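What follows is a short report on a single structure.
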Number of protein chains: 2
Amino acid sequence: MKTLPGKTVERLSQYRRALASTLAANRNYVFSHELAAMLHITAVQVRRDLMLIGYGSVMRKGYDVRELISTIGSIIDAPSGLNVAIIGMGNLGRAITGYFRGKRTNMNVVAAFDVDPQKVDKVVAGVRCYNISQMRKLREELDIMVAVLAVPADQAISTASLLVSNGIKGIMNFTTVPLNVPDAIYLEEFDMITSIEKVAYFVKENQQPEG
Amino acid sequence: MKTLPGKTVERLSQYRRALASTLAANRNYVFSHELAAMLHITAVQVRRDLMLIGYGSVMRKGYDVRELISTIGSIIDAPSGLNVAIIGMGNLGRAITGYFRGKRTNMNVVAAFDVDPQKVDKVVAGVRCYNISQMRKLREELDIMVAVLAVPADQAISTASLLVSNGIKGIMNFTTVPLNVPDAIYLEEFDMITSIEKVAYFVKENQQPEG
DNA sequence: AAAACATTGTTAATTTATTAACAAACAATA
DNA sequence: TATTGTTTGTTAATAAATTAACAATGTTTT
Ligand SMILES: NC(=O)c1ccc[n+]([C@@H]2O[C@H](COP(=O)([O-])OP(=O)(O)OC[C@H]3O[C@@H](n4cnc5c(N)ncnc54)[C@H](O)[C@@H]3O)[C@@H](O)[C@H]2O)c1
Ligand SMILES: NC(=O)c1ccc[n+]([C@@H]2O[C@H](COP(=O)([O-])OP(=O)(O)OC[C@H]3O[C@@H](n4cnc5c(N)ncnc54)[C@H](O)[C@@H]3O)[C@@H](O)[C@H]2O)c1
């Protein structure tokens with residue numbers, strides 16, 4: 001299959017989450033407009049995304065929830081699951097680790113890393129924290145592909161290059177420091193202040209974003 | 001000024017952050033291509049965004065960093081600052097509260113709210129936690145406009161309607177529950193699992209998102 | 001079993017967002 | 001002071017994302 005647009009990938013992840021809650025509510029079928037309402041988007045958008053992943057089999061009473069969940073999984077999930085490490089077991093690192101626990105996803109947080117002896121060897125939400133010096137060894141042993149970077153700002157750049165040189169393939173960067181990584185490494189960044197400033201702007205303008 | 005596209009607002013916030021670090025490095029002017037490099041975007045994009053906010057005065061040696069910071073502020077910031085509350089002082093609530101501390105922004109986290117007696121009346125990173133029952137009163141007294149929702153999933157919907165009925169104008173939703181709020185309330189949502197699943201997908205595909 | 005209705009998949013149209021192209025505005029250099 | 005080089009602001013072109021339109025397919029109602 002052709003590589004999907006990033007936006008579609010994001011929505012597929014969200015559809016799956018919405019579908020899981022649909023299932024939890026004992027509904028076995030959903031219409032495109034129901035899925036749309038849950039995500040605050042249009043039904044056409046939903047249908048178009050599902051078209052892109054070639055989701056066919058449908059009766060005229062909506063999509064088969066279980067089937068769609070599994071189809072989405074077959075598209076966006078790595079076949080054998082994907083191992084994730086948290087780098088920096090501070091407030092944010094702990095919040096993320098806790099968040100993953102119990103979520104039924106195809107991803108596993110298999111390790112955390114820190115430099116602080118107080119954090120090392122502790123277990124949080126079932127995840128053990130190792131000294132960052134063991135990164136190379138454990139990266140390989142545990143087959144860690146993706147790192148969530150949650151270290152202090154002044155450690156961000158050096159830690160990111162350590163990750164890259166140790167064979168990490170994707171980085172989710174929560175620090176506010178813009179990272180430079182090789183093209184082959186997929187980098188995603190998020191900053192709450194940007195998000196909240198956006199909320200603030202549109203609250204001030206008292207309207208929705210144009211476009 | 002015409003309402004800006006949401007994407008541009010996001011980038012303005014990021015420009016400002018990048019500009020602050022430029023200033024910290026004792027540079028008083030930046031070129032569009034330098035700003036672009038810091039955000040991994042193109043110089044044209046930068047120039048176009050600045051055009052949209054009508055940023056004029058420029059000598060031929062780049063943008064005046066201080067001036068640009070203040071111009072961006074005059075566009076995206078609320079004139080008198082904007083007060084924010086954290087709803088749910090758990091792991092994530094604490095991480096966000098700590099994150100705001102010391103960040104020079106126009107926004108202030110002025111209160112947190114929780115139901116747990118263990119959390120109420122405690123102070124974290126300079127922010128006091130109140131019982132949620134005091135929300136209405138304090139919302140008004142402290143002029144809280146924006147709420148960051150970080151309560152357990154099963155409390156999300158009821159808490160959101162409480163926020164709305166108490167006069168909150170914008171919500172940053174970190175729970176995984178899709179909220180329904182009146183049109184007049186600006187709603188922004190974020191889910192780490194979606195972001196990390198996106199990283200995972202493009203790592204698997206071993207390429208960048210198309211488009 | 002015909003008519004009316006509901007829902008999908010897909011193509012076409014529209015709208016947004018990004019990128020390219022380039023004249024104008026200097027600054028530096030010869 | 002001409003010439004060369006940089007960098008901007010803006011218009012035009014391109015590309016991406018969303019929305020609209022609608023035929024096809026089946027379901028329900030009469
Ligand atoms: N993007 C966002 O929305 C957002 C929100 C909150 C925090 N943050 C950022 O995330 C980062 C962490 O925030 P926090 O509140 O958890 O901070 P924190 O200080 O609580 O945690 C940082 C952790 O990193 C560890 N650490 C330090 N140097 C390290 C190294 N070289 N290698 C591995 N671990 C190291 C520290 O020991 C500590 O445990 C900060 O950069 C902060 O600005 C971002
Ligand atoms: N979007 C993301 O990326 C992301 C990441 C981490 C956590 N989360 C979500 O954020 C939420 C909080 O996560 P957490 O790890 O901080 O959980 P947590 O359990 O540590 O914290 C939740 C807090 O909310 C309080 N609370 C419960 N009911 C409340 C109510 N009615 N009003 C006010 N406060 C109430 C609890 O006392 C607790 O302090 C969860 O919904 C979680 O799924 C989202």
Side-chain angles (χ1 to χ4, degrees), chain A residues 1-15 19 22 27-65 67-68 71-72 75 194 198 201-202 205 207-211, chain B residues 1-15 19 22 27-65 67-68 71-72 75 194 198 202 207-211:
Chain A
M1 164 160 333
K2 214 167 159 319
T3 302
L4 299 168
K7 290 291 196 108
T8 296
V9 175
E10 282 176 24
R11 282 191 301 259
L12 287 173
S13 165
Q14 291 163 355
Y15 295 149
L19 289 166
T22 305
R27 306 229 17 229
N28 296 313
Y29 293 90
V30 270
F31 296 127
S32 57
H33 66 259
E34 293 174 309
L35 215 34
M38 292 193 257
L39 272 71
H40 307 122
I41 59 177
T42 67
V44 190
Q45 182 81 80
V46 173
R47 298 206 300 271
R48 215 167 186 308
D49 285 334
L50 298 187
M51 190 192 95
L52 282 180
I53 64 171
Y55 184 68
S57 81
V58 170
M59 26 195 58
R60 225 46 33 172
K61 270 303 162 203
Y63 300 91
D64 180 315
V65 175
E67 206 172 290
L68 187 47
T71 302
I72 291 175
I75 304 281
T194 292
K198 188 179 171 193
Y201 174 81
F202 287 109
E205 296 295 312
Q207 51 191 94
Q208 302 296 311
E210 91 168 13
Chain B
M1 163 159 336
K2 213 165 160 318
T3 303
L4 299 168
K7 291 291 195 109
T8 295
V9 175
E10 282 176 23
R11 282 190 299 259
L12 287 173
S13 165
Q14 290 163 356
Y15 295 150
L19 288 166
T22 306
R27 305 226 20 228
N28 296 313
Y29 294 90
V30 269
F31 296 128
S32 57
H33 66 261
E34 294 175 308
L35 216 35
M38 292 193 257
L39 272 72
H40 307 121
I41 60 177
T42 68
V44 190
Q45 182 81 79
V46 173
R47 299 207 299 273
R48 217 169 183 305
D49 284 334
L50 297 187
M51 189 193 93
L52 282 181
I53 65 171
Y55 183 68
S57 80
V58 170
M59 25 193 59
R60 223 48 29 171
K61 270 303 161 202
Y63 300 90
D64 180 315
V65 175
E67 206 173 289
L68 187 47
T71 302
I72 291 176
I75 304 281
T194 291
K198 189 180 169 191
F202 287 109
Q207 50 191 95
Q208 301 297 310
E210 91 167 15

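Everything quoted here is computed from the prediction, not taken from an experiment.
- Rounding to whole angstrom units, CG of residue B/L68 and C1' of D/dT7 are separated by 15 Å.
- Of the listed nucleotides (D/dT10, C/dA17, C/dG9), D/dT10 has the atom at the smallest distance from the side chain of B/V44.
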Exercise for review: For A/F202 and B/T3, run side chain to side chain contact (heavy atoms under 4.5 Å, CB included): C-alpha distance rounded to whole Å, both residues' side-chain angles, the deciding distance at 0.1 Å, then the answer.
Suggested key: CA-CA 8 Å; A/F202 287 109; B/T3 303; 3.7 Å; yes
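- Of the candidate nucleotides D/dG9, C/dT19, C/dT10, C/dT19 has the atom nearest to the side chain of B/Q45.
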Practice item. In sequence, state the C-alpha distance, the side-chain angles, and the governing distance for B/K7 and B/R11, and then conclude on side chain to side chain contact (heavy atoms under 4.5 Å, CB included). Key: CA-CA 6 Å; B/K7 291 291 195 109; B/R11 282 190 299 259; 4.2 Å; yes
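- One can place CZ of A/F31 at 7 Å from P of C/dT8, the figure rounded to the nearest angstrom.
- Ranked by how close their nearest DNA chain D nucleotide is to the 5' end, A/R11 and B/V30 are led by B/V30.
- Between B/L39 atom CG and C/dT19 atom P the separation is 13 Å, expressed in whole Å.
- Rounded to whole Å, the distance from CG on A/D49 to P on C/dG9 is 12 Å.
- Note: CD (A/E34) to P (C/dA6) measures 14 Å, nearest angstrom.
- Among the heavy atoms of the strands lying under 4.0 Å from A/S32 are primed sugar atoms or P, OP1, OP2 only; no base atom is included.
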Identify every side-chain donor-acceptor pair in residues 35-45 of chain A under 3.5 Å, counting partners at least two apart or on other chains, and give the distances.
residue: A/H40; atom: NE2; partner: B/L179; partner atom: O; Å: 2.5
residue: A/H40; atom: NE2; partner: B/N180; partner atom: OD1; Å: 3.4
residue: A/T42; atom: OG1; partner: A/Q45; partner atom: N; Å: 3.2

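- At a cut-off of 3.5 angstrom, counting only N and O atoms as typed in the model, there is no donor on one side facing an acceptor on the other between the side-chain of B/R48 and the base of D/dT10.
- Atom CD1 of B/I41 and atom C1' of C/dT19 are 12 Å apart (whole Å).
- In this structure, OH of B/Y29 is placed 20 Å from P of D/dT6, rounded to the nearest angstrom.
- Here the rule is side-chain contact (heavy atoms from CB on, under 4.5 Å) with B/L68, and of B/L12, B/L19, B/T22 only B/L19 fits it.
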Review point. Run the side chain to side chain contact (heavy atoms under 4.5 Å, CB included) check on A/I72 and A/Y15 step by step: do they pass?
Key: CA-CA 8 Å; A/I72 291 175; A/Y15 295 149; 3.9 Å; yes
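- Distances were taken from every side-chain heavy atom of B/R47 (C-beta onward) to each of D/dT18, D/dT19, D/dG9; the shortest belongs to D/dG9.
- Nearest nucleotide to the B/M51 side chain, out of C/dT19, C/dT8, D/dT10: D/dT10.
- The OH atom of B/Y55 sits 8 Å away from the P atom of D/dG9 (whole-angstrom rounding).
- Of the candidates D/dG9, D/dT27, D/dT19, D/dT27 carries the atom nearest the A/K61 side chain, counting heavy atoms from C-beta on.
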